[in-house]
Amino acid sequence: MVKVANKYAKALFDVSNDTNQLDVVYEDLETISHSSFDYIKSLKAIDSNPSLTADERKSFVNEVYSGANQYVVNTLKVLADNRHLSLIEDVFRAFQSLYNAHHNQDFAIVESTYELNEDELARIEQLIKDQTHLSRVIVSTKINPDLIGGFRVKVGTTVMDGSVKNDLVQLQRKFERAN
């Protein structure tokens, strides 16, 4: 189903980019995705209900999402028509990935043993930019006492581990190879 969501996201991304509505579409799709999170079971029920016609599913989209950008509403209608309304979160994640690539930005999770101050976060953010060549990094932090010290950064599928725990694991592996 991820491939299906990627196709919807790509089509929506292309049309919103071509019409200079990328930011508005992103915001609306993000809002809809987050607000739909608790209703995925209901959307799956709508998708799988054989007694609902395509027109009834599209009418549901009109009633619930009428205030959204027209390209988002049209995408939701296509999702409804094809019984894929429950894929809205996957479509958003795929759209977000395209949006981030377009803006040369990504999300980063910074784990540390204590709450980092603004100066430390700024230095880590710059380190991330230098390592990834991103223009913008959207940082969120997480306290992880298991790290013992230092920090670990996750950007997409990349992990930068400068933790004491990682240093100890690497040291242990060196000792094991030496034996």
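Every heavy atom of this structure was used, including side-chain atoms; hydrogens, water molecules and symmetry mates were not.
- Between Met160 and Thr132, the shortest heavy-atom contact is CE-CG2, 4.2 Å.
- In terms of the side chain to side chain contact (heavy atoms under 4.5 Å, CB included) criterion, residue partners of Ser140 (sequence neighbours excluded) are, by chain and number, Ile109.
- For Asp18, there are no side chain to side chain contact (heavy atoms under 4.5 Å, CB included) partners, not counting sequence neighbours.
- Atom CD1 of Ile88 is separated from atom OG of Ser33 by 6.5 Å, given to the nearest 0.5 angstrom.
- Atom-to-atom distance recorded for Lys3:NZ and Lys7:NZ is 7.5 Å, nearest 0.5 angstrom.
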For residues 119-126, tabulate all N or O donor-acceptor pairs below 3.5 Å that involve a side-chain atom, not counting sequence neighbours.
{"from": "Glu120", "atom 1": "OE1", "to": "Asn117", "atom 2": "N", "distance (Å)": "2.9"}
{"from": "Glu120", "atom 1": "OE2", "to": "Tyr114", "atom 2": "OH", "distance (Å)": "2.8"}
{"from": "Gln126", "atom 1": "NE2", "to": "Asp130", "atom 2": "OD1", "distance (Å)": "2.9"}

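- Minimum heavy-atom separation, Ala108 to Ile128: CB-CD1, 3.9 Å.
- Between Lys77 atom NZ and Arg57 atom CZ the span is 14.0 Å, to the nearest 0.5 Å.
- When all heavy atoms are compared, the tightest approach of Ser36 to Leu43 is CB-CD1, 4.2 Å.
- In terms of heavy atoms, Ala68 sits closest to Val73 at O-CG2, 3.7 Å.
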Kindly determine whether Val153 and Gln131 satisfy side-chain contact (heavy atoms from CB on, under 4.5 Å), including the steps that lead there. CA-CA 11 Å; Val153 177; Gln131 293 291 318; over 6 Å; no

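- Side-chain atoms of Val78 and His84, non-hydrogen and from C-beta on, never get closer than 4.5 Å to each other.
- Linking ILVMFWY side-chain heavy atoms closer than 4.5 Å, directly or via other members, places Ile143 and Phe107 in two distinct hydrophobic clusters.
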Start with the C-alpha gap between Leu87 and Val4, add the side-chain angles, then the distance that decides, and say whether side-chain contact (heavy atoms from CB on, under 4.5 Å) holds. CA-CA 9 Å; Leu87 295 179; Val4 173; 3.9 Å; yes

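- Listed by chain and residue number, Asp14 satisfy the salt bridge (charged side-chain N to carboxylate O under 4.0 Å, His left out) test with Lys10 (two or more places apart in sequence, or in another chain).
- At least one side-chain heavy atom of Leu76 sits less than 4.5 Å from a side-chain heavy atom of Ile32.
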Worked verdict on Asn49 versus Ile46 for side-chain contact (heavy atoms from CB on, under 4.5 Å): CA-CA 5 Å; Asn49 187 338; Ile46 291 170; 5.8 Å; no

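- In this structure, Val64 is not a member of the same hydrophobic cluster as Tyr39, with clusters built from ILVMFWY side-chain heavy atoms closer than 4.5 Å.
- Remark: Asp81 pairs with no residue by the side-chain hydrogen bond (donor to acceptor under 3.5 Å, both in side chains) rule, at least two apart or across chains.
- Using a distance-only test at 3.5 Å, with no hydrogens or angles considered, a donor-acceptor pair links the side chain of Thr31 to the main chain of Glu27.
- Remark: Asn17 engages no residue in a side-chain hydrogen bond (donor to acceptor under 3.5 Å, both in side chains) (not counting sequence neighbours).
- Counting heavy atoms from C-beta outward, Leu134 and Val155 have side chains that approach closer than 4.5 Å.
- With Asn104 contributing its side chain and His133 its backbone, the two residues share a donor-acceptor pair below 3.5 Å.
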Which side-chain N or O atoms in residues 92-99 pair as donor and acceptor under 3.5 Å with protein atoms at least two apart or in another chain?
{"from": "Arg93", "atom 1": "NH2", "to": "Asp90", "atom 2": "OD1", "distance (Å)": "2.5"}
{"from": "Gln96", "atom 1": "NE2", "to": "Tyr26", "atom 2": "OH", "distance (Å)": "2.9"}
{"from": "Tyr99", "atom 1": "OH", "to": "Asp23", "atom 2": "OD1", "distance (Å)": "2.5"}

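- With sequence neighbours left out, the side chain to side chain contact (heavy atoms under 4.5 Å, CB included) criterion links Asp146 to Asn144, Lys165.
- Separation of atoms CG (Leu29) and OG (Ser16) is listed at 9.0 Å; rounding is to 0.5 Å.
- The salt bridge (charged side-chain N to carboxylate O under 4.0 Å, His left out) check on Glu111 picks up Arg152, Lys154, with sequence neighbours excluded.
- Shown here for Gly149 and Thr113, the closest heavy-atom pair between the two residues is N-CG2, 3.5 Å.
- Judged as a side-chain hydrogen bond (donor to acceptor under 3.5 Å, both in side chains), and not counting sequence neighbours, the contacts of Gln105 are Asn100, Arg136.
- For the atom pair CD1 of Ile40 and CD of Glu89, the computed distance is 4.0 Å after rounding to the nearest 0.5 Å.
- In this structure, the side-chain hydrogen bond (donor to acceptor under 3.5 Å, both in side chains) partners of Ser86, at least two apart in sequence or on a different chain, are Asp47.
- Screening residues 50-76 for ring-ring contact (aromatic ring centres under 6.0 Å, His included) gives no qualifying pairs among residues at least two apart or on separate chains.
- Hydrophobic clustering of Ile, Leu, Val, Met, Phe, Trp and Tyr side chains at less than 4.5 Å, counting indirect connections, keeps Val159 apart from Ile138.
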